[in-house]
Each structure stands twice: as structure tokens, then as C-alpha cells.
Amino acid sequence: MKLCVTTFIFSIVFVSAASFSAIAQTSVNDFLLTAFEDRNLATYDDQINFLKPKRYRLPVIDELEFRISNDELTYDDLQYAIRLNPGNPWKIRRNNALFNATKKELSLRKQLEFKDNLFDRYELLLDFLYSKDLSDLIQRELSIIEKKATIFEENFESNLFDAEDFVDVKIDQIDGIQAFDQSLLEMNENKSKINSILNNSLFDWASFDIISVSSIDSISNEIGATSFSSTELELIAQRAEVARQEVRTERADFNLGFIQSEYAPFRNNDDSEIGFSVGITIPIFRDNRPQIAERILDEIELKNEFEIEQYRDSVEKVLVFEQLKSLIHLHQRVVDQVEDLDLEALTVNLSRSSNYDPLSVLKLERGIVKLDELILKSRQRVLEQYLEFLFIFDVTSHQPLTNYLSDRLENIE
């Protein structure tokens, strides 16, 4: 009875642990979403949150001044005045426009930083999946080499044994062990980087279906035919707008004049004790001309930078698109050539023939692994160029976010 109870409790604990492990697994989409949580975005959030109207809005009144005057240096000649310097309405409006433009610039900088964060995670994900697949292929090849070595060892005195071939197999084993060790090292390095981002959360992406090359061919055609705004270009244009608003604000930086109310309580004549005076400032001589000139130079420089970057962006899009198409074509040619060889059918036929030679079959199986590795590396080149294409065309960070490495292209939520 006690044994049954113990077994029941153990089963519950085991199932609970398995369920917790399944729940705690982090998906690929969850990993990509960590791009929002990167610390480099916090700086922009703090600056954007700081830029509230009450922090930069200029007051309606610049100065309020209380004056006392006395022409005769006697108590009876005291006069009082309150002088008010109104705020320049043009400067107030332009200052508001300047800080609104600055806030938009910060938002674009944050968006560009997020784009870089997301691209880094795509690259890391792709490197991890590639190193895992490559490690599996090397392990397959090493297993075939070990089978071949075992056949030689078990047929040491038969006609199958060849001393030179046996030595070559042993050397291949050494090379295979080194290659497998190197692939595991690269996979573990990528895994460690992912763990550092996920704060050591569990993840198992063995079942992740990566996008096929044919899907990449179709998607790239759709993206290439669509006009996407470039965050980099938007940022340069916004920086030029900030410089323009700075010029307008500097030009509006002058004193309008004053309004003054006067009170002379000890006047001996019948004149009124209260008076008013108004002054208007004409900004003929400006002491901020160097600042205005500097801001205009910044605006000119940024406008030229925008035109240069716009041309460079259009050329780069054409080049990266053509390069992607070229790699897709090369990959398809490799796949077609491998299919024409049809080594798998040849291996099956050799296995069934009356002159069955296990060493020849293993040699063909190793050839199949080599071809699979060739296809894997060819596909990896396409995927790397595909990521570069997505980055240049600026589609990865567009809302709603899409997992462009997933075969289903599902939304990232």
C-alpha cells in the first residue's frame, strides 16, 4: 500500500515538473520580443517622458520689474512704477514647435535602436539554428565513420580489410571529432548569448520551422515591389527639421518691449498720480547672429546628408535584392544537382544487390551527409542575405511585428 502511495505521489510530482517545464519554455517569438526590453531603449523613454510641455513652455511674461525713482532726492518726489516685459509670442510658438520636433526625433532614434535590437536577435537566432543543424549533420557523418571503422576492426583478417583505408578512417574519425567539438562550441556560445538575453529561461527550438527558400523568393518579390519608409532617412529628415526650428526660434529671440504703470503720490499739481508708458523694441542689431548662422549651417548639412543617404539607400536596396535573388538561384541549382544524383536511391539499390558491400553503402551515406551539409550552407547564405534584405528594406520593425524567419510568418505577440 505504501509503495502504491509513493508511486502515486512521485507520478504527480513528475507530471507537475514536466508541466512546469513546458510552461516555462520560451518561444522564438518571446525571444524576439525581448528587443523591446533592451536597456538601450530606457534612455530614450526617460528623455521622451521628460519632454512634457510644462518643462519647456516659455512664460507669457518674461519679466516683472518694480521701480522707484526720485529726481529731487527728497521724500516728496518719490515715484513708483511696475514694468512688465511680455513674452515674445513668436518665440513661444516656435519654441513649442522646436521641442515637439525634438521629441519626434527622440522617438525615431528609439525606433532605430529597436530595429537594431531586433536585427541582432534575428541574427543570433539564425546562428543558433544553423550551428545546431550543422552539429547534427557532423554527428551523423561521425556515426557513419565509426560504423566504417567498426567493420574494419571486426574483419581484420578478411578481404574487406585494407590497412591504408583503415588508417584513413581513423584520421577521418579524428577530423570528425574535432569538427563536432567545434560545432558544439559554436552552438553553446550562441546558446549562452540567448540565455543572457532571456535571463537563463528555458528554451527548446528544435521544432521551430524555419522559412523555406521558396517562401523567401516569394516574400522578397512582394517586399521589393512595396515602398517602405526608411527609419534612417526619417531620422535625418527630422534632425533637419529640428535644425530648422532652432533657426526660427533663434530669429524670434528678441525683446518686444515693455508696458509700465507709474504712480507718483506726492505730485503738487493737478496732474493725475497714475500714468502709463509703453516701449517697443526694434531688433536692428542682433547679438545672436552667430547662433543663427550655426543653425543654418546644420540645416544645410543635414539636407545634403538626406539627399546623399536617399540615393545610397535606393542603390543599396537594388544591390541587396539582386544579391538575394542570385543566392536563391544558386541554392536552387545546388538542390537540383543533388536531386539529379539521387544518392539515396542508389544506396537502397546497393543494399539490395547480390554484391552487397557495406563499405560502399557507408561511403554513399557519407556522401549524402556531405550533400546535406552543402545544401544547409547554401540555405544559410540565402537566410543571411534575406535578413540583410529585410533590414535594408526596413520591414522587420513595422507594426504588426512579424516573425520573418518562421515558415508560417506569424505575428509576434
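- A cation-pi geometry, defined here as NZ or CZ lying under 6.0 Å from the six-membered ring centre and within 45° of its normal, does not hold between Lys191 and Phe128.
- To the nearest 0.5 Å, atoms CD (Glu299) and CZ (Arg295) are separated by 12.0 Å.
- Salt-bridge check for Asp165 with Lys363: failed, with every basic side-chain N at 4.0 Å or more from each acidic carboxylate O.
- Cation-pi geometry between Lys91 and Phe254 is not met: the NZ or CZ atom fails to fall both under 6.0 Å from the ring centre and inside 45° of the normal.
- Atom CG of Leu64 has more than 12 neighbouring heavy atoms from other residues, nucleotides or ligands inside a 6.0 Å radius.
- Note that the CG atom of Leu32 and the CG atom of Asn117 stand 11.5 Å from one another [nearest 0.5 Å].
- Counting heavy atoms from C-beta outward, Asp394 and Glu232 have side chains that approach closer than 4.5 Å.
- In this structure, the side chains of Leu108 and Leu112 stay at 4.5 Å or more apart for every pair of heavy atoms.
- Formation of a donor-acceptor pair under 3.5 Å by the Ser218 side chain with backbone atoms of Ser214 is not found in this model.
- Ring orientation note: the planes of Tyr404 and Tyr386 are nearly perpendicular, at an angle over 60° on the 30°/60° scale.
- Within 6.0 Å of the CH2 atom in Trp205, the count of heavy atoms belonging to other residues, nucleotides or ligands exceeds 12.
- Annotation: Arg55, atom CZ; neighbour count of heavy atoms from other residues, nucleotides and ligands within 6.0 Å is above 12.
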Step-by-step ring pair (Phe, Tyr, Trp, His ring centres under 6.0 Å) determination, Tyr44 to Phe114: CA-CA 11 Å; Tyr44 296 104; Phe114 170 73; over 10 Å; no
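- Residues satisfying the ring pair (Phe, Tyr, Trp, His ring centres under 6.0 Å) test with Phe306, not counting sequence neighbours, are none.
- Checking Gln111 against Ser397 by side-chain atom types alone, no donor-acceptor pair falls below 3.5 Å.
- Partners of Phe180 according to the ring pair (Phe, Tyr, Trp, His ring centres under 6.0 Å) rule, which considers only residues two or more places apart in sequence or in another chain, do not exist here.
- Taking 4.5 Å as the limit, some side-chain heavy atom of Glu37 sits within range of a side-chain heavy atom of Thr34.
- Residues satisfying the side chain to side chain contact (heavy atoms under 4.5 Å, CB included) criterion with Lys370, sequence neighbours excluded, are Glu141, Arg366.
- Between the CG atom in Asn255 and the CD1 atom in Ile280 there is a gap of 11.5 Å [rounded to 0.5 Å].
- Rounding to the nearest 0.5 Å gives a distance of 7.5 Å between CG of Asn403 and CG of Leu125.
- Between Phe99 and Tyr56, the two ring planes are parallel [angle under 30°; tilted spans 30° to 60°].
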